[in-house]
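I have placed the structure first, in the form of structure tokens, so that the comments after it can refer back to it.
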Protein chains: 2
Amino acid sequence: MTKTKKREVDLRMRGFEQVCRQAGIKLTHQRIEIFREVAQTGDHPDAETVYQRVRERIPTISLDTVYRTLWRLNDLGLINTLGPPRERTRFDANLEQHHHFVCVRCGLTQDFYSEELNGLRLPKSAKALGQVESTHVKVYGVCRGCVDMEKTKRSSTRNKEAKPCPRN
Amino acid sequence: MTKTKKREVDLRMRGFEQVCRQAGIKLTHQRIEIFREVAQTGDHPDAETVYQRVRERIPTISLDTVYRTLWRLNDLGLINTLGPPRERTRFDANLEQHHHFVCVRCGLTQDFYSEELNGLRLPKSAKALGQVESTHVKVYGVCRGCVDMEKTKRSSTRNKEAKPCPRN
DNA sequence: TTAGGTGCAAATTCTTTGCACCCTG
DNA sequence: CAGGGTGCAAAGAATTTGCACCTAA
């Protein structure tokens with residue numbers, strides 16, 4: 001159904017092989033099939049789903065290999081996670097329509113408001129997918145706190161490992 | 001730090017009490033403090049964090065009450081979750097900048113592209129929060145599949161409970 | 001009073017890890 | 001051939017559930 005074009009898949013596979021070689025990690029049968037599975041589907045499978053699908057081709061593969069591989073691919077920048085990786089569910093009592101600024105360093109998520117963004121015009125490609133109900137903008141970047149921290153660190157001599165700003 | 005104004009908190013508390021009464025659920029000490037905690041903070045705490053904070057006021061409260069209450073509040077529409085509720089991490093091999101259409105019925109997440117949205121102009125309120133790196137639009141709505149399913153259900157007599165369309 | 005709510009502890013579910021064997025480079 | 005990678009089983013973390021007591025309405 002939501003399937004990626006063959007040409008695009010081939011392109012991704014080549015990128016994958018190149019990055020792996022460059023990073024000096026092995027191109028195992030399992031890794032190849034796991035990446036292929038994620039690359040060729042337009043849906044956004046979780047680890048369990050990838051496992052089930054790859055198992056049809058490699059019946060002996062184990063779920064933990066799928067987990068390890070997916071995170072490895074993520075670290076290599078070959079795939080991304082949908083939503084915040086490795087995080088627990090978080091709650092929000094702000095019911096007004098609003099948007100989020102998410103710090104890529106520390107995970108701090110701050111609300112902001114914008115009439116303009118609330119009434120965002122969407123392209124046909126988006127409207128074609130279904131009945132639109134609402135629109136939400138996520139801005140990724142480095143929050144004030146983390147920017148300041150970096151400045152401090154660079155100017156001072158004492159730079160231990162970056163302590164992330166409080167996750168909230 | 002990220003703290004909501006007192007007036008706004010009071011407003012939310014009143015809304016909360018009203019909704020609870022209307023829904024016929026009890027206004028227990030625990031529920032009140034849990035809601036207050038989420039309502040008065042501008043951060044987006046997870047269950048554990050809420051638990052730790054509320055415990056300062058109600059030392060005997062248990063973590064499972066916090067979980068139950070947060071989901072209850074969520075079901076009542078008094079709070080929302082950040083990101084998809086109760087879902088596992090999902091992966092995506094599409095590295096081009098793209099946006100998502102998320103079906104609120106079945107969770108299907110589809111990619112779409114838009115130059116216009118890629119280069120979205122952001123309001124000052126957003127830029128003020130930090131160094132912007134990228135912007136991502138999430139469109140919520142009902143996907144084609146679910147719209148069709150609803151039509152079918154309404155026109156036909158056989159309507160068992162709504163089987164969600166495949167989650168991918 | 002009394003049905004719904006809570007705390008506790010145990011159960012589930014999802015994910016990660018230790019270790020011995022295996023296979024790519 | 002060597003060292004990273006894998007499968008297995010067991011551990012861990014996060015979240016949910018069963019049950020008896022408690023409390024708001």
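By convention in this document, chain letters (A, B, ...) are assigned in the order of the sequence lines, proteins followed by strands, and residues within each chain are numbered from 1.
Summarising the geometry of B:L117 relative to B:F112, their closest heavy-atom pair is CD1-CE1, 3.7 Å, with the distance given to 0.1 Å.
Rounded to an integer number of Å, the gap from CZ of A:R72 to P of C:dT17 is 14 Å. In this structure, the CG atom of B:N74 is 11 Å from the P atom of D:dT16, given to the nearest Å. The distance from atom CZ of B:F35 to atom C1' of C:dG5 is 19 Å, rounded to the nearest whole Å. Remark: C1' of C:dT6 and OH of B:Y67 are 17 Å apart, rounded to the nearest angstrom. Protein atom CG of B:L27 is 11 Å distant from nucleotide atom P of C:dT6, rounded to whole Å. Between the C1' atom of C:dT24 and the NZ atom of A:K26 lies a distance of 5 Å, rounded to the nearest Å. For the pair A:Q52 CD and C:dC14 C1', the interatomic distance rounds to 14 Å; values are reported in whole Å. Between B:E48 atom CD and D:dT15 atom C1' the separation is 11 Å, expressed in whole Å.
No side-chain donor from either of A:H98 and A:N118 sits under 3.5 Å from a side-chain acceptor of the other. In this model, no donor atom of one side chain and acceptor atom of the other lie less than 3.5 Å apart for A:H99 and A:D111.
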Considering only nitrogen or oxygen atoms on both sides, find all protein atoms under 3.5 Å from nucleotides 6-13 of chain D and state each distance.
residue	atom	partner	partner atom	Å
D:dT6	OP1	A:T28	OG1	2.7
D:dT6	O3'	A:Q30	NE2	2.8
D:dG7	OP1	A:Q30	NE2	3.2
D:dG7	OP1	A:T60	O	3.3
D:dG7	OP2	A:S62	N	3.2
D:dG7	OP2	A:S62	OG	3.3
D:dG7	OP2	A:T65	OG1	2.5
D:dG7	N7	A:D64	OD2	3.4
D:dG7	N7	A:R68	NH2	3.0
D:dG7	O6	A:R68	NH2	3.4
D:dC8	N4	A:D64	OD1	3.3
D:dC8	N4	A:D64	OD2	3.0

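The backbone N or O of B:R31 lies less than 3.5 Å from no partner atom in the side chain of B:T69, so there is not a single donor-acceptor pair. For B:R90 (side chain) and A:D46 (main-chain N/O), no donor-acceptor pair under 3.5 Å exists by modelled atom type. The backbone N or O of A:G107 lies less than 3.5 Å from a partner atom in the side chain of A:T109, making a donor-acceptor pair.
Listed by chain and residue number, A:E8 satisfy the salt bridge (charged side-chain N to carboxylate O under 4.0 Å, His left out) test with A:R12 (two or more places apart in sequence, or in another chain). Partners of A:E116 by salt bridge (charged side-chain N to carboxylate O under 4.0 Å, His left out), not counting sequence neighbours, listed by chain and number: B:R121. For A:R36, the salt bridge (charged side-chain N to carboxylate O under 4.0 Å, His left out) partners at least two apart in sequence or on another chain are A:E33.
Regarding contacts with the backbone of D:dT15, every side-chain N or O of B:W71 stays at 4.0 angstrom or more from both OP1 and OP2.
If you check residues 13-25 of chain A against DNA chain C, you find no residue with a heavy atom closer than 4.0 Å.
B:L27 has its side chain within reach of B:R21: a pair of non-hydrogen atoms, C-beta onward, lies under 4.5 Å apart.
Recorded end-axis angle for the helix from C:dT1-D:dA25 to C:dG25-D:dC1 stands at 40°, based on five pairs per end and rounded to 10 degrees.
Between A:F35 and A:F16, the two ring planes are parallel [angle under 30°; tilted spans 30° to 60°].
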